[in-house]
J.: 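Following this message is one structure expressed as structure tokens.
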Amino acid sequence: MWHLRGSSATAAALHKPVAHLRLLLAVSASSGPLLPAASTVAAVSTRGGPSPSAGVAARARASASAMPSSSSSPPFAEGTTAAAAAGGFRLTEPSFLESLMPKKEIGVDRFLAAHPEYDGRGALIAIFDSGVDPAVAGLQTTSDGKPKILDVIDCTGSGDVDTSKVVKADDDGSIVGASGTRLIINPSWKNPSQEWHVGCKLVYELFTNSLISRLKKERKKKWDEENQEAISEALKQLNEFEKKHSKPDDAKLKMAHEDLQNRLDYLRKQAEGYDDRGPVIDIVAWHDGDVWRVAVDTQGLEGNKNCGKLADFIPLTNYRLERKFGIFSKLDACSFVANIYNDGNLVSIVTDCSPHATHVAGIAAAFHPDEPLLNGVAPGAQLISCKIGDTRLGSMETGTGLVRALIAAVEHKCDLINMSYGEPTLLPDYGRFIDLASEAVDKHRIIFISSAGNNGPALNTVGAPGGTSSSIIGVGAYVSPAMAAGAHCVVQAPTEGMEYTWSSRGPAADGDLGVSISAPGGAVAPVPTWTLQSRMLMNGTSMASPSACGGVALLVSAMKAEGIPLSPYTVRKAIENTAALISDVPEEKLTTGHGLLQVDKAFEYAQQAKELPLVSYRISINQMGKSIPRLRGIYLRGSNACQQTSEWTVQLDPKFHEDASNMEQLVPFEECLQLHSTDSSVIKIPEYIMVTNNGRSFNIVVNPVNISSGLHYYEVYGIDCKAPWRGPIFRVPITVIKPIALSGAPPALTFSNLFFKSGHIERRFINVPIGASWAEVTMHASAFDTPRRFLLDTVQISPLKRPIHWGPAVTFSSPSLKNFSFPVEGGLTLELSIAQFWSSGIASHEPTCIDFEIVFHGISVDQKVIGFDGSEAPIRIVARSLLASEILVPVATLNKVKTPYRPVECNLCSLPTTRDRLPSGKQIIALTLTYKFKLEDGAEIKPHVPLLNNRIYDNKFESQYYRISDSNKCVYSSGDVYPNYVKLSKGEYTLQLYIRHDNMQSLEKLKQLVLFIERKLEKKDFIQLSFYSEPDGPIVGNGTFKSSVLVPGEPEAFYVGPPSTEKLLKNVLPGSVLVGSITYGAVRSFNKKDDQNQHAPASYSISYLIPPSKVDNDKEKGVSAVRKSISERLDEEVRDTKIKFLSGFNQETEDDKSSWMELVTSLKSEYPRYTPLLAKILECIVQKATSDDKISHQKEVIAAADEVVDSIDKEDLAKSLSLKPDPEDEEAQKNKKKMEETRDQLADALYQKGLALAEIESLKTDGSTEASAKDAFEENYKELIKWVDAKSTKYGSLTVLRERRYGRLGNALKVLNDMIQDSEQPKKKLYDLKIQLIEEIGWTHVSTYEKQWVHVRFPPSLPPF
């Protein structure tokens, strides 16, 4: 997804709201939140492109005619050119409405004027996105009256509900739902089997964060009213009591006053701690004899028992069968559909996870019969919605969602896929999803179109899959003057169209162009009903992609109607070779691709190419003398590569569709191609090649020695000798970046008096000196009136690594100076871009004057990664400065601990549903690994799987997903390739890791996969390491090293010591690793008032392996001086073993019970009045299954408890406990411990007796309880409080029961709440008791709230993956 991965789950945003400005040279991009641009147009961060250097520009103009293209510049909106040229853009109402859904820019108006019936009819588009809302206007029917949306699928599983539980209706026609709610079945529903599959789900798990926020606000308003009413009543009762009893001296009156006060306090605390987790909805599925049906009970949403009843719900079936949807309630206005899988055992409730997909679908194909100017590009096209954004992850895509979406697209025989998602990647054109997408294109002839990304303006910012995959058409974002004036409402529109400055740029890391074509990147389009508005303005390559997809759908519609063979190969060639140039500067191809899509021209091309073979050329390039890597373009980025001539071998392979005939298509295929280069002085090639089905190779020689510094782009392309009108049959992109070499000590680059207007960009390419590890930047802005906003953007490219990107936004409110620092890698070319935002100063005629300086610093060390082995030995570090004198000030901090775990359980299974069957027929297999871990204290943790994390598209494993839960099945956290931190309390947890693939052998290798639990240390526990000038420093404490000045070229050595034993954390398992960072330098140019970190930004990893625990040599010291004889010790061991045996004795049958009683009698006789034995007997009686006669069982408990109590000399016990033993007297300490154990046994017996007495009292519903029994309970309770705190977690339940008996429910609630808060993981029975007390008081609103939380804390089962 195009937003910052790894940020919290609040990152439901896909694109940053950005704008546009003229740029002549393209470069990289960044992502951010998708917002309605109307509200952000004046303040959003956008990025512009730099002007080329004079040499580059001159060469560009001279060679522009050599760049192949068959179309002229894109047209203006009709009637606007003159006004724009005059410096003011004017709109009429129709042209304003047209600008909201731009279509003229890509020739749609001309195409539909000539072919009105080719408006997308017959074309089917799969929308891979966040889920399309089927309820919105514009997405109901096509222009020819057909259903617009044919299917709506949640491919992620985020809406899956386990409905494997089957129930039957009672005689009154009701069932008990999975939530425990009694549900009335509509008698008109057909169900021949009378079997009802039930499940439940917290409804907020289906909603977006913004919808949840709105609902919480509205629901809390109603809850607050009810709670305030309850507070008023409680306060009234308290005041009346205090008025009646001004000074209560009686203990009972004091308790009654305390009870009223506790009630009031409880309500107030409820208001303070209110956290609405949403109601539970019940889902019921059944087979009506023909199809599976689903009904949903949503009574809890509006708080009105007359709304949302199950029986009133109109049943749904799989959307594709009847195309019906439901609405949860009027309050949320959120539509949903249902799909049933696995014979009714799984129901998928499909909602969208952001407005993004509906907006995208509207751009591609919306049809508004009453507002044709707001139609999407292809109003006749039909859609299927494939939700790949996971609601659980804040709309992040998952591998599971991506693969299921491809399966659905093939199953529905889609013509096109639009995917406005993506992210940076480690390897281009690589990964499981890329392989399957290529299969969809090559075998199933689906045209795959995707956004290039929003990470511009720097180069190398195209992301996967749109900008990095050969089979996918990557789309950049274009803005026209009409869009700027209309949709964006800018004060002064640009005079001509251009690429948005934030649109991602090529090339890909392997030299491929990256961007294929451009299309309008903003629109006002439909959004889901839950947003409570019909349309919204969004912009991004997410909007450009469906604009292009809609345009291609028109082309598909026309080709089908005219019988032209449809192939993604033909279509791609048609749109690329007829695209209109946005700029005549060759380097702009890295920004715009081949140009702006022109639908009418592409159709003319397709008509002319009707009889041509359906073939695509795949390019594989190697540099001479190297076998790897295989490249898709030539990319020279660095001074060394530009100082010599290089030779490259290009392998050209024709690619036919998999169903191509050997004899009719492959054997006769032969094309004679004339080769061209856009600059023969730099690029040398053969003149002609003959290509057959088996391919052909040729060599390219690149000589960049004499070119100027900066960015250069060339192409080698082939023209069909027999049909030159076809344009380039293939292209080899060649990008050359020749950086500037710096001098000085330290090396620096300064440029002054650079003048910026809105959207202007300056870019420099710098050869970062070897030895540099950070850069310091000074930026001074002057000569402007209104505040100005700038973006600094830097990119470095390192092999097998995502682009190293740094890009802060900075605002100058007035002329001033700002300082920055950022890490760099020495020896790599750095691209530096300075851009004034397109909207900054747009109404001002005063340019901004910028003076800029970048200085490189560095401290090189011999060990970039430092790992302590757990011993006491320090590690020697040798530091050098290669550039200039630097201050050496090492600082090392360990602030996290990583503990490794292996799975305690693993499970491999073939997934049962058709949605997990690949088009090849192979069923996907899931591996579930279960890990157990325990936290001794509350902490922030996250899981880390080194093998799999941080890769979605560039990963050969299909998907990964984890969840963390407790013993109550409460899920605390879930995630995928980018794990997030979660705060957990002390306790035991289970982590399940779910990995999918269709290859059993690959999954088998992961059965013992190592997973780390990474825990943040609290700041007070951070470990600061010390530095020494002597190897024995850590032990003897001498030779502390603080700082030094490094002279260029002169090494200096010092030691970093391991953490001292006293600083190591307790309860950290041996084998765990403390991790942190170490820095060596200091930033000297910053003023401390700037609040900048004075340590150099270049940091390195440091770790410490936790060694084995120390041996406890004091174990034997605790042995009593008074040793017992062997026979005595043997007798004790035998006795203790017999007692222990009692608890494991099976009492299932009557014979077992009889044998157990005989054993108890025998042991009592053998060890009379032995308290531990009697305590164990009591424990066994309490734990055994109760018979039908519950009163008899409780009496048995009372009798056993009395035996324990009677066996203890209470006076002697009290006396012993009152004495404080000598801490050095081991025998006295041992006796004290024994007395404390006896006291606990006494308290436990009294506690169990009290519970039994209360239970007997509650079971006698006829009021036959005698006063003596009540007195016995009170007497027992008073005895208990002599020995222990009866309000503690262990014994508090008895106090709650006592207060409840006396009607002091406020006191009971107070004690119960304290018990819950003091427990690590409270049991469900405590919360059930809490709800009972609240209901007895009469607080219905609080009871409803607590019941919702019970479903959060104690779900009936873990949710499906």
Side-chain angles (χ1 to χ4, degrees), residues 63-74 106-107 111 447 470 473-476 506 512-519 548 551-552 555 558-559 564-586 588-590 592-619 632-633 650 652 654-655 669-680 683 685-691 696 698 713-734:
S63 62
S65 60
M67 190 62 64
S69 179
S70 52
S71 184
S72 59
S73 297
I106 56 175
F111 178 80
I447 303 161
S470 295
I473 299 170
V475 185
D512 186 64
L513 182 61
V515 182
S516 175
I517 57 169
S518 293
V552 175
L555 187 59
M559 293 174 72
I564 300 172
L566 185 60
S567 164
Y569 305 155
T570 304
V571 168
R572 181 164 191 162
K573 197 58 60 186
I575 63 177
E576 289 182 347
N577 281 355
T578 60
L581 288 177
I582 298 173
S583 169
D584 57 4
V585 177
E588 274 297 274
K589 274 210 166 183
L590 297 170
T592 66
H594 299 291
L596 188 63
L597 172 67
Q598 299 296 297
V599 177
D600 54 336
K601 302 295 183 185
F603 180 51
E604 292 172 7
Y605 185 101
Q607 287 176 311
Q608 199 169 356
K610 182 176 182 178
E611 304 299 330
L612 294 175
L614 306 180
V615 63
S616 171
Y617 282 99
R618 301 294 164 89
I619 295 171
R632 295 177 297 152
V650 178
L652 198 61
K655 176 68 177 178
F669 176 77
E670 186 175 272
E671 288 189 334
C672 177
L673 304 179
Q674 183 179 13
L675 302 185
H676 299 262
S677 78
T678 54
D679 191 334
S680 58
I683 311 297
I685 53 172
E687 293 187 24
Y688 293 90
I689 59 170
M690 178 69 75
V691 183
R696 184 73 169 87
F698 65 93
Y713 178 78
Y714 314 94
E715 277 185 359
V716 170
Y717 57 95
I719 299 293
D720 187 347
C721 296
K722 295 180 181 179
W725 61 265
R726 296 173 64 189
I729 304 303
F730 72 90
R731 293 178 172 91
V732 178
I734 303 171

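Only this structure's heavy atoms are used, side chains among them; waters, hydrogens and symmetry mates stay out. Quick caveat: nothing in here was measured; it's all calculated off a predicted structure.
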J.: Please work out which of the three classes, parallel, tilted or perpendicular, describes the rings of Phe603 and Phe111, given edges at 30° and 60°.
T.: perpendicular
J.: Would a 4.5 Å heavy-atom cut-off, applied to side chains only, mark Phe698 and Val691 as touching?
T.: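 In short, these two side chains do not touch, never coming nearer than 4.5 Å.
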J.: Is any NZ, NE, NH1 or NH2 atom of the basic residue among Glu715 and Lys589 found under 4.0 Å from an Asp or Glu carboxylate oxygen of the other?
T.: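 Here Glu715 pairs with Lys589 in a salt bridge, since their nearest N and O are under 4.0 Å apart.
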J.: Distance check, rounded to the nearest 0.5 Å: Leu555 atom CG versus Gln598 atom CD?
T.: 12.5 Å
J.: Distance-only, no hydrogens or angles: does the Ser518 side chain make a donor-acceptor pair with backbone N or O of Thr592 under 3.5 Å?
T.: yes
J.: Compare all side-chain heavy atoms of Leu590 with those of Val515 and state whether any distance is below 4.5 angstrom.
T.: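 No - every pair of side-chain heavy atoms lies 4.5 Å or more apart.
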J.: For the residue pair Tyr714 and Val716, establish whether any side-chain heavy-atom pair is separated by less than 4.5 Å.
T.: no
J.: Atom CG of Asp600 and atom OG1 of Thr578: how far apart are they, to the nearest 0.5 Å?
T.: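 Between Asp600 CG and Thr578 OG1, I get 8.0 Å after rounding to 0.5 Å.
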J.: Return the minimal non-hydrogen interatomic distance between Gly595 and Ala579, and the atom names on each side.
T.: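 So the two residues come closest at C-CB, 3.6 Å.
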J.: Working to the nearest 0.5 Å, report the span between OG of Ser516 and CD1 of Ile575.
T.: 5.5 Å
J.: Looking at CZ of Arg632 and CD1 of Ile619, how far apart are the two atoms once the value is rounded to the nearest 0.5 Å?
T.: 10.0 Å
J.: Of all residues at least two apart in sequence or in a different chain, which pass the ring-ring contact (aromatic ring centres under 6.0 Å, His included) check with Tyr688?
T.: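 Checked Tyr688 against ring-ring contact (aromatic ring centres under 6.0 Å, His included); zero matches.
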J.: Indicate every side-chain donor-acceptor pair of residues 566-574 with a distance under 3.5 Å to a residue at least two apart or in another chain.
T.:
| residue | atom | partner | partner atom | Å |
| --- | --- | --- | --- | --- |
| Ser567 | OG | Tyr569 | N | 3.0 |
| Ser567 | OG | His657 | NE2 | 2.6 |
| Tyr569 | OH | Asp442 | OD1 | 2.7 |
| Arg572 | NE | Glu576 | OE2 | 2.9 |
| Arg572 | NH1 | Ser470 | O | 2.8 |
| Arg572 | NH1 | Ile472 | O | 3.4 |
| Lys573 | NZ | Ile729 | O | 3.0 |

J.: So Met690 and Arg696, do their side chains get closer than 4.5 Å, heavy atoms only?
T.: no
J.: Hey, could you give me the OH/OG distance between Tyr717 and Ser677, rounded to the nearest 0.5 Å?
T.: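 Atom-to-atom, Tyr717:OH and Ser677:OG are 8.0 Å apart.
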J.: State, with a plain yes or no, whether a side-chain heavy atom of Lys655 is found less than 4.5 Å away from one of Val615.
T.: no
J.: So do Ile719 and His676 actually touch side chain to side chain, heavy atoms under 4.5 Å?
T.: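 Side-chain contact under 4.5 Å: yes.
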J.: Rounded to the nearest 0.5 Å, how far does CZ of Arg731 lie from CG of Asp512?
T.: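 That separation rounds to 12.0 Å.
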J.: Could you list the residues that satisfy side-chain hydrogen bond (donor to acceptor under 3.5 Å, both in side chains) with Gln674, not counting sequence neighbours?
T.: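 Scan of Gln674 (side-chain hydrogen bond (donor to acceptor under 3.5 Å, both in side chains), adjacent residues dropped) gives none.
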J.: After noting the C-alpha distance and the side-chain angles of Ile683 and Thr678, does the key distance pass the side chain to side chain contact (heavy atoms under 4.5 Å, CB included) rule?
T.: CA-CA 8 Å; Ile683 311 297; Thr678 54; 5.7 Å; no
J.: Determine, step by step, whether Leu513 and His594 satisfy the side chain to side chain contact (heavy atoms under 4.5 Å, CB included) criterion, reporting the C-alpha distance in whole Å, the side-chain angles of both residues, the deciding distance to 0.1 Å, and the verdict.
T.: CA-CA 9 Å; Leu513 182 61; His594 299 291; 3.8 Å; yes
J.: Flag the pair Arg726 / Tyr605 as yes when at least one side-chain heavy-atom distance between them is below 4.5 Å, and no otherwise.
T.: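 Counting from C-beta outward, Arg726 and Tyr605 do come under 4.5 Å.
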J.: Quick one: does Ile734's side chain get under 4.5 Å of Tyr713's, heavy atoms only?
T.: no
